[in-house]
Amino acid sequence: MATDCISPILDSKCKQAFRRRLLAWYAKHERDLPWRKSQDPYRVWISEVMLQQTQVETVKPYFLRFLKAFPTVKNLAAAEESQVLRLWEGLGYYRRARGLHAAAKKIVAEHGGQFPRDVATLQTLPGIGRYTAGAIASIAFNQRAPILEANTIRLLARLLAYPDDPTKSVGQRLLWAMAEEILPRRDVARFNQALMELGSLVCTPTQPKCDACPVARNCAAFQEGLQNEIPRASVKMKFTDVREAVVVVRKNGKVIMRQCGPDERWAGLWDFPRFGIESEGPLFVEEELVAKVRDQTGITAKPGSLLTTIKHGVTRYRITLDCYTAQYKSGRLKGAMRWIRPAELAELPLSTTGRKLANRIIQSASGN
DNA sequence: AACACGGGGCG
DNA sequence: CGCCCAGTGTT
């Protein structure tokens, strides 16, 4: 066996056998996913961006709805950003939606509405990094471009029995090189998707189905019985607990909302007045609510009942969110704040917590 | 190299 | 409740 190979499967004969086994397996087990109906680069692009850090089952309904609203890159480029965000609502990582919209405009303006075909040019578009560029180039254009993402990191790490954290830069360098080494000359679109499919369906994070794996004989981890230890877990980020409050300030049936700025959480989405809570005890909390509502909105309001408490996580924060009502007393709205009617709430793009709250307001305004 | 960025699914 | 997910961009 050649000693300059990254792994046994990179020996050229083994490599060919590996590809053949993988493709044969994929021919049998390929899932029928909505974005596999065609190789239209627009559809591939939308799906790949939606799939960033988001599971296949979650993406399906969003993809179908999005494609119905914006069937082509021109439709997307011509859309209102708020409409794009509205269709993204609930999917998370909203910068992806803004990037998609900006990239669509750029493709129309600078590329005549035609998708770039090469990895380097694809990577100049917002929201398209090394993985997504490789995915579009290979899947839509069958270019010989490697990909590396959650499924294939795990798969390749096991094939190599790579003992360290494969998400660190050393491991990434190695695995990107391997992802390129194993690429076939043709059929790259199917090959790359087959790698991900195998990682997703067989080479799973826990309880990998090695007995059903077409390339178990190429897998160093399996040969050494290490499939449950590899890949080594990455250092986990620890959560910080924080308390936050949102306040539904009401006046003549309207509520105060604002659009989040470009450099903050939920950029482009609308939100209720929201802030951290430091004090303990209902009296001190009420005092803090009044002060922070006034500071943020310019309005003096009297806090009412605690509507609900929602727990959710954002990055490293574990947030306990208390939702209050409050009644307008005095003052004028400042900055980006707006009075919004309940009916308008339905049209604005909101975060998931914002939507939960908004639904209650819409309900109580229309129903009883 | 470390963080920020969401939210849901699953054991 | 902790881990994981078809990553990207900024610092």
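Comparing A:Arg36 and A:Lys311 against DNA chain C, the residue whose closest nucleotide sits nearer the 5' end is A:Lys311.
Contact annotation for A:Ala135: no contact, since no heavy-atom pair falls under 4.0 Å across all strands. Using a 4.0 Å heavy-atom cutoff across all strands shown, A:Thr152 reaches no nucleic acid atom at all. Contacts of A:Leu33 with the nucleic acid, taken as non-hydrogen atoms under 4.0 Å apart, include base atoms. Within 4.0 Å of A:Thr132, counting heavy atoms only, lie sugar-phosphate atoms of the nucleic acid but no base atom. Among the atoms of the strands shown, base atoms are found under 4.0 Å from some heavy atom of A:Trp35. Nucleic acid contact for A:Arg98: none, since no nucleic acid atom lies under 4.0 Å from a heavy atom of the residue. Contacts of A:Arg173 with the nucleic acid, taken as non-hydrogen atoms under 4.0 Å apart, are absent.
Under 3.5 Å, the side chains of A:Glu48 and A:Tyr131 contain a donor-acceptor pair of N or O atoms. Side-chain contact annotation: A:Thr152 with A:Glu149, donor-acceptor N/O pair under 3.5 Å present. Side-chain contact check for A:Ser279 and A:Glu287: no donor-acceptor pair (N or O, by modelled atom type) lies under 3.5 Å.
Atoms CG (A:Leu148) and C1' (C:dT8) sit 14 Å apart, rounded to a whole Å. Per the geometry, CG belonging to A:Leu155 stands 17 Å off C1' belonging to C:dC4, to the nearest Å. Distance, A:Gln172 CD to C:dG7 C1': 10 Å, rounded to whole Å. Between the CG atom of A:Leu51 and the C1' atom of C:dT8 there is a distance of 15 Å, given to the nearest Å. The nearest whole Å value for the distance from the CD atom in A:Gln123 to the P atom in C:dG7 is 15 Å. To the nearest angstrom, C1' of C:dA6 lies 11 Å from CH2 of A:Trp176. When the P atom of C:dA6 is taken as reference, atom CZ of A:Arg154 falls 7 Å away, rounded to whole Å. Rounded to whole Å, the distance from CH2 on A:Trp45 to C1' on C:dG7 is 16 Å.
Using bins of under 30°, 30° to 60° and over 60° for the plane-to-plane angle, the ring pair A:Phe66/A:Phe70 lands in the perpendicular bin.
Between A:Thr309 and A:Leu306 the shortest heavy-atom distance is OG1-CD2, 3.9 Å.
Under a 3.5 Å cut-off, the side chain of A:Arg36 and the backbone N or O of A:Arg31 do form a donor-acceptor pair. A donor-acceptor distance shorter than 3.5 angstrom exists from the side chain of A:Gln259 to the backbone of A:Gly268, with no hydrogens or angles considered. Looking only at distances, a side-chain donor or acceptor of A:Glu344 sits under 3.5 Å from a matching main-chain atom of A:Arg341.
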Q. Reading nucleotides 4-11 of chain B 5' to 3', which nucleotides get B (base under 4.0 Å from a protein heavy atom), which S (sugar-phosphate only), which -?
A. BBBBSS--
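Comparing the C1' positions of B:dG8 and C:dG9 gives a spacing of 24 Å, expressed to the nearest Å. The same atom, P, is picked in C:dA6 and in B:dG11; the two are 15 Å apart, to the nearest Å. Remark: the separation of the C1' atoms in B:dG6 and C:dC4 is 14 Å, to the nearest Å.
For A:Thr320, the side chain to side chain donor-acceptor pair (under 3.5 Å) partners two or more places apart in sequence, or in a different chain, are A:Lys311.
Closest to the A:Tyr131 side chain, of the nucleotides C:dT8, C:dC5, B:dA2, is C:dT8. Nearest nucleotide to the A:Lys236 side chain, out of C:dC3, B:dA1, C:dC5: C:dC3.
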Q | Intra- and inter-strand pairs of DNA chain C in dot-bracket (Watson-Crick or G-U wobble, both distances under 3.5 Å; | for another strand) | A | |||||.|||||
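Checked options A:Trp88, A:Trp45, A:Trp35; the residue passing with A:Phe63 is A:Trp35 (criterion: ring pair (Phe, Tyr, Trp, His ring centres under 6.0 Å)).
Ionic pairing of A:Arg243 and A:Glu278 is not present here: no N-O contact between side-chain nitrogen and carboxylate oxygen is shorter than 4.0 angstrom.
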